[in-house]
Amino acid sequence: MKFRIYRYHPESGERPHMQDVGLDIDPAGKMLLDALLAIKAEDETLSLRRSCREGVCGSDAVNVNGKNRLACITPLTELKEPIEVRPLPGLPVIRDLIVDMEPFYKQYRSIKPWLINDEPEPEVERLQSPEDRARLDGAYECILCACCTTACPSYWWNPDTFVGPAGLLQAYRFIADSRDEATAARLDNLEDPYRLYRCRGIMSCVDACPKGLNPTEAIGRIKSLLVKRRV
Amino acid sequence: MNARRFDALIIGGGGAGLRAALQLARSDYKVAVVSKVFPTRSHTVSAQGGITAALGNVDDDRWEWHMYDTVKGGDWLGDQDAIEFMCREAASAVYELEHMGLPFSRLDNGKIYQRPFGGQSKNFGGAQATRTCAAADRTGHALLHTLYQQNIACRTQFFDEYFALDVLRDAEGYCLGVTAMSIETGEPLLIEARATLLATGGAGRVFGNSSNAMINTGDGLGMVLRAGLPLQDMEFWQFHPTGIAGVGCLITEGVRGEGGCLLNKHGERFMERYAPHAKDLAGRDVVARAIALEIAEGRGCGPRGDYVDLKLDHLGEKRIAEKLPGIRDLSIRFAGVDPVEKPIPVAPTAHYMMGGIPTNLHGQVVAPARFGPEEPVPGLYAVGECACVSVHGANRLGGNSLLDLIVFGRAAGGHMLEYLRDNPYPRPLPEHAAEASQARLARWDRPGSERAAAITDDLRRMMQTHAGVFRTDAVLREGLDKLTQLDDRLAHAGLQDTSRVFNTARIEALELENLIGVARATLVSAIHRTESRGAHTREDFPARDDEHWLRHTLYSREGDQMDAKPVRLKPLTVESIRPKERVY
Amino acid sequence: MKSATGAHTGTGTWLLQRATALVLAAALPGLMIHFLTARPVNFLAWQTLFAPLWVRVLGLLAMTALALHAWVGMRDIFMDYVRPTGLRLALYLGVIIILAGSVAWMAAVLWSAT
């Protein structure tokens with residue numbers, strides 16, 4: 001199979017370039033990660049992140065033929081050759097397919113991603129009805145792979161001021177949690193022309209999410225809460 | 001070498017490390033977490049089915065029953081004081097997670113959802129119990145993210161993408177910190193701390209077919225071996241019965257807990273023959289052996305007869321979507337099968353290391369020393385899969401690993417606080433403390449005739465063949481010979497890529513050194529234990545032998561020396577559970 | 001330098017843009033039908049078309065809504081593309097003058113002819 005892989009090595013002094021690689025691999029049942037690791041076995045200078053190889057850790061997000069995906073759950077048979085593999089767009093490249101995720105994590109941290117409840121803790125669990133718990137479905141499953149946020153043009157343009165779809169989805173996860181008491185403060189945190197309202201609802205994030213989550217819908221729900229509070 | 005100093009240091013950002021870090025971060029001490037991946041990429045994230053605690057939300061339950069099941073599940077090799085401690089602390093540890101925000105699935109009355117898991121019984125071996133608390137089939141993911149979130153709230157200092165190299169000890173044996181390396185820049189770093197906790201996880205990647213993440217390379221075990229400390233019970237490796245055939249990805253025991261069952265090529269529910277009482281929910285070692293036997297005796301499914309079917313379509317699409325959504329996803333992606341319609345092809349896959357760094361129930365690393373077989377190494381702790389407390393004995397029960405992380409993570413964090421109070425001053429670092437680590441790094445700058453990656457492949461193939469579900473003396477010894485050859489090849493190995501910035505080839509070479517140590521410990525220990533117990537099945541010694549082997553093995557690197565220490569059969573407060581035949 | 005966010009606005013302007021869009025959606029079809037049915041061919045016919053008070057009020061309302069709607073849109077564009085604060089303020093001022101001026105001029109035109 002034919003691949004075109006983005007190569008950048010800061011120590012070499014060379015400019016980033018696309019490298020054509022041929023690989024003898026039977027694509028049946030194999031994922032893109034298998035191919036990338038096979039390429040790395042031939043040429044160990046190729047660097048990429050990987051861990052769980054089953055799509056739950058979020059390490060190996062890359063841009064494949066123009067779309068952000070997790071290499072480990074992208075079947076080779078789905079891809080058109082030459083398969084072009086690039087690092088996630090919109091984040092600084094450290095080396096080859098590895099980007100600096102810190103700007104992304106920083107936005108995640110900015111929404112205070114932890115449960116806030118200052119009521120005295122009961123001896124046992126806090127109760128939550130299955131219906132209330134169901135509100136977290138589609139939000140708590142996020143694996144922080146950054147596929148969505150780095151597919152968002154608003155984030156590319158305002159990485160330091162726009163939270164981005166992943167962060168906003170997590171903001172919603174806590175707003176929606178019946179056990180969390182900080183809804184007002186969380187809404188205040190997003191009441192800003194940039195942090196939430198740079199979302200134009202183009203749904204690139206929905207298209208990119210490898211876990212099938214819908215950040216745009218979550219952003220819409222936060223918006224309607226903001227509006228409700230206002231009027 | 002650059003140096004940093006903290007009060008407490010934690011190596012590993014998985015469930016155990018983060019739980020301990022939280023305990024310390026909530027105090028006034030300065031705590032740092034070193035992790036070779038961003039913490040939510042740790043292998044805890046892959047845990048599916050749940051965390052076991054006798055909450056009794058669905059059915060009557062008591063921690064004493066949980067304790068009995070754990071002792072029996074571990075084939076009486078577990079230390080009963082530690083097991084009592086874990087089972088007793090379980091409920092409060094789970095409630096605490098709930099208070100932190102873990103999105104557990106819920107029952108209609110609003111309490112935490114619980115599902116039945118293998119090896120769980122009521123009334124000391126009676127009817128099936130329902131004891132595993134779950135967040136759908138993403139409990140590990142929910143748990144790891146919750147703990148990471150709490151650590152952000154407490155402003156824990158993280159060294160993300162730093163690879164720990166060696167434990168530093170002084171002449172009196174005190175642990176003074178570690179050497180590490182920034183993966184991003186390749187720069188070495190010396191981190192001093194009065195108390196150091198190893199929470200580096202398992203080493204399942206020593207096998208060719210494994211459910212483990214690619215980062216599970218036993219780094220903490222390698223560090224401990226190099227520090228001259230022993231590893232305990234390394235012959236005990238759990239093979240999970242239901243990995244996706246040919247891939248290794250895990251299909252949770254929760255599938256069988258929810259009512260799924262295993263079928264051979266005749267469509268027979270064969271577990272009824274091996275475990276007439278518990279059937280598909282027998283101990284994992286029992287089910288894995290049963291599957292391996294079915295396949296070996298020609299009753300496997302598929303064109304090559306190399307797997308069995310895990311049927312769950314009878315649960316209905318709604319139940320699967322609600323309680324096992326991640327499993328359905330994995331199965332469609334990796335097996336090309338929608339479990340709503342067709343059974344999932346499964347086969348045993350290397351899953352969990354029951355052995356590890358010997359510790360007491362405070363998480364203190366213990367080693368034979370002047371005064372006895374279990375002297376704490378001052379300032380050094382270990383928790384989680386890399387540690388051997390030992391609560392899992394010869395075979396871990398499903399749902400007990402997340403519990404192990406949380407209970408002993410909390411306990412170790414608490415004990416470290418005491419230790420820091422009692423040892424308020426840093427001890428001086430020996431002059432050449434970091435030399436060994438620097439030599440290890442420099443060694444990979446020299447060219448060599450062998451490729452490290454090729455050795456890793458051969459190592460995994462060797463372990464798969466020679467240390468699998470069924471073992472004999474001859475097969476194990478042959479494996480050990482091959483390992484010695486691999487070790488020789490390692491001496492001539494070099495890297496094509498000697499650059500500094502995010503050189504993952506260099507990290508993999510350093511991981512290989514750790515894996516080789518783990519493999520040697522496993523093979524030598526497995527040859528040594530001439531009985532079958534729990535997950536360690538010797539075809540040449542098919543029976544359990546309590547007279548000679550109701551004891552822990554201790555492996556030391558120096559001369560591949562084997563040592564032993566007694567199993568603690570005396571719990572803290574309750575009656576001892578005497579060894580008896582283990583049937584399900 | 002770190003950027004200061006948390007202006008505690010956003011929902012207001014977002015709402016304003018939506019509300020003005022609704023006003024435009026309601027007012028424009030009415031005015032359109034009114035014009036199309038009358039088909040003014042000369043200045044006098046044009047003038048009589050604007051004679052009824054409701055046409056003038058509706059026309060001014062639509063113009064105001066359009067100006068506010070455009071203001072939010074222009075502000076968004078400047079926020080994204082014009083980073084120097086002084087230049088951005090100057091552009092804001094320019095747009096405000098043009099939009100407010102247009103509204104005032106329209107009011108003057110509509111009410112001066114009678």
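Only the backbone of L250(B) has a heavy atom closer than 4.5 Å to any heavy atom of chain A. Using a 4.5 Å cut-off between heavy atoms, L144(A) contacts chain B through both its backbone and its side chain. In this structure, chain B has no heavy atom under 4.5 Å from any part of P75(A). In this structure, the portions of L495(B) lying under 4.5 Å from any heavy atom of chain A include both its backbone and its side chain. With a threshold of 4.5 angstrom between heavy atoms, D160(B) does not approach chain A through any atom at all. Contact annotation for F104(B): only backbone heavy atoms (N, CA, C, O) come within less than 4.5 Å of a heavy atom of chain A. Contacts between L102(B) and chain A at a heavy-atom distance below 4.5 Å involve the backbone alone (N, CA, C, O). In this structure, the portions of I143(A) lying under 4.5 Å from any heavy atom of chain B include both its backbone and its side chain. Heavy-atom distances place both the backbone and the side chain of I73(A) under 4.5 Å from chain B. For E322(B), no part lies under 4.5 angstrom from a heavy atom of chain A. Residue contact with chain A, scored on non-hydrogen atoms closer than 4.5 Å, involves the side chain of H141(B) exclusively. If you measure heavy-atom distances from E11(A) to chain B, the contacts under 4.5 Å come from the side chain alone. Interface residue E508(B): only side-chain heavy atoms are found under 4.5 Å from chain A. For chain A, the nearby part of V247(B) is the backbone; its heavy atoms alone come within less than 4.5 Å. With a 4.5 angstrom heavy-atom cutoff, R53(A) touches chain B via backbone and side-chain atoms both.
Note: R173(A) leads M101(A), Q170(A), R173(A), K112(A) in heavy-atom pairs under 4.5 Å with chain B.
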Should E54(A) and L330(B) be marked as a side chain to side chain contact (heavy atoms under 4.5 Å, CB included) after you check the CA-CA gap, both sets of side-chain angles, and the distance that decides it?
CA-CA 7 Å; E54(A) 57 187 20; L330(B) 274 179; 3.9 Å; yes
I'd like to know whether E98(B) forms a salt bridge (charged side-chain N to carboxylate O under 4.0 Å, His left out) with R133(A), so could you lay out the CA-CA distance, the side-chain angles of the two residues, the decisive distance to 0.1 Å, and finally the verdict.
CA-CA 12 Å; E98(B) 195 282 330; R133(A) 168 60 182 73; over 6 Å; no
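Looking only at side-chain heavy atoms (C-beta outward), T45(A) and S499(B) stay at 4.5 Å or farther from each other.
We find that R49(A) and E184(B) are not joined by a salt bridge, their nearest charged nitrogen and carboxylate oxygen being 4.0 Å or further apart. The existence of a salt bridge linking D497(B) and R95(A) is confirmed by a sub-4.0 Å separation between a basic side-chain nitrogen and an acidic carboxylate oxygen. The existence of a salt bridge linking R451(B) and E44(A) is confirmed by a sub-4.0 Å separation between a basic side-chain nitrogen and an acidic carboxylate oxygen. Under 4.0 Å is where a charged nitrogen must lie from a carboxylate oxygen, and between E131(A) and R106(B) no such pair does.
A donor-acceptor distance shorter than 3.5 angstrom exists from the side chain of R179(A) to the backbone of G101(B), with no hydrogens or angles considered. Between the S51(A) side chain and the R41(B) main chain, a donor and an acceptor come within less than 3.5 Å of each other.
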